[in-house]
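The block underneath contains the structure these notes are about, expressed in structure tokens.
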Amino acid sequence: MTDLAIIGGSGLTRLQGLQITRRQVVHTPYGEPSAPVIHGILNQREIAFLPRHGAGHTIPPHKVNYRANIWALEHIGARKILAIAAVGGIGPAMAPGVIAIPDQIIDYTYGRDHTYFEHELSKVTHIDFTYPYSEKMRQSIMRAAKSAGVPVIPNGVYGATQGPRLETAMEINRMERDGCTLVGMTGMPETALARELDLDYACCAVVANWAAGRGDGPISMKQIEQYIGQGMAQIISLIEALVDS
Ligand code: HPA
């Protein structure tokens, strides 16, 4: 039974080391997920994997069908989701190369289908979202990181922006005043949708660059790719330890 699913972000469209057993096309009431769900074995445990941006990394953050993705993972039996995301670093500790496990999120996105609770409701539903990530899942990730020898920062405030453009320096200043220490484009509505379906969801954020205005000069895509590549090797060790736990 597959109860752990990994959502791979930029740089993680394939999970190295995963022995793929089958690909499952899931049709959802919300349309098509980013790709077929990949089932496979990692360290003798069955897990599921879904590349958030599609198998060929062609779906930009504002076009991802987050509702279909989360619905599909719940449908195939996942109860725990580890979401991997590349982010920019805002806080002084969030330098490129760092991996952080955020504990809070602020939503700056707009126009995305962000809830399952809008049609054919027997009553209006408001989920509790005080602590947006599953603390149980965050703790499992931190234990896995420790046993894999992967250093992680155990908290962070993820500011979810609309994209696909990067932010202005002033937008980042404003986000910092709001309390954000990380910035990415995919954290919302994914995190809230997982809560709506009562799944244990947490995120591993791989810092790929200093956020706009925080580094020297413009943000270089080449550098982002380099840090993502390095970070993903560590993420794979962490996932291996997580499935072992
Ligand atoms: N901003 C938003 N999303 C990102 C960034 C960034 O600087 N880096 C990687 N994903």
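Read the numbers this way: they start at 1 and go in the same order the structure lists the ligands and their atoms. All values below were derived from every heavy atom in this structure, side-chain atoms included, with hydrogens, water molecules and symmetry-related copies excluded.
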Lys136/Asp200 ion pair, N-O < 4.0 Å: yes
Salt bridge Arg174-Glu171, side-chain N to carboxylate O under 4.0 Å: no
Could you list the atoms of ligand 1 found under 4.0 angstrom from a heavy atom of [X]?
X      : answer
Gly184 : 2 (C), 3 (N)
Ala86  : 9 (C), 10 (N)
Met185 : 2 (C), 3 (N)
Glu167 : 1 (N), 2 (C), 6 (C), 7 (O)

Atom 4 (C) of ligand 1: the protein heavy-atom neighbour that sits closest, reported with distance to 0.1 Å: Val183 O, 3.7 Å
Atom 5 (C) of ligand 1: nearest protein contact (heavy atom, Å): Gly88 N, 3.4 Å
Minimum non-hydrogen distance to atom 8 (N) of ligand 1, winning option of Ile219, Asn209, Leu166, Leu182: Asn209
Parallel, tilted or perpendicular: rings of Trp71 and His75 (30°, 60°): parallel
Tyr30-Tyr66 aromatic ring centre distance below 6.0 Å: no
Heavy-atom side-chain proximity of Arg112 to Met188 below 4.5 angstrom: no
Val87 contact mode with ligand 1 (heavy-atom cut-off under 4.0 Å): backbone
Show me, pair by pair, the donor-acceptor contacts under 3.5 angstrom made by side chains of residues 224-245, not counting sequence neighbours?
unit_1: Ser237; atom_1: OG; unit_2: Ala233; atom_2: O; d: 3.3
unit_1: Asp244; atom_1: OD2; unit_2: Asn43; atom_2: ND2; d: 3.4
unit_1: Ser245; atom_1: OG; unit_2: Leu242; atom_2: O; d: 2.7

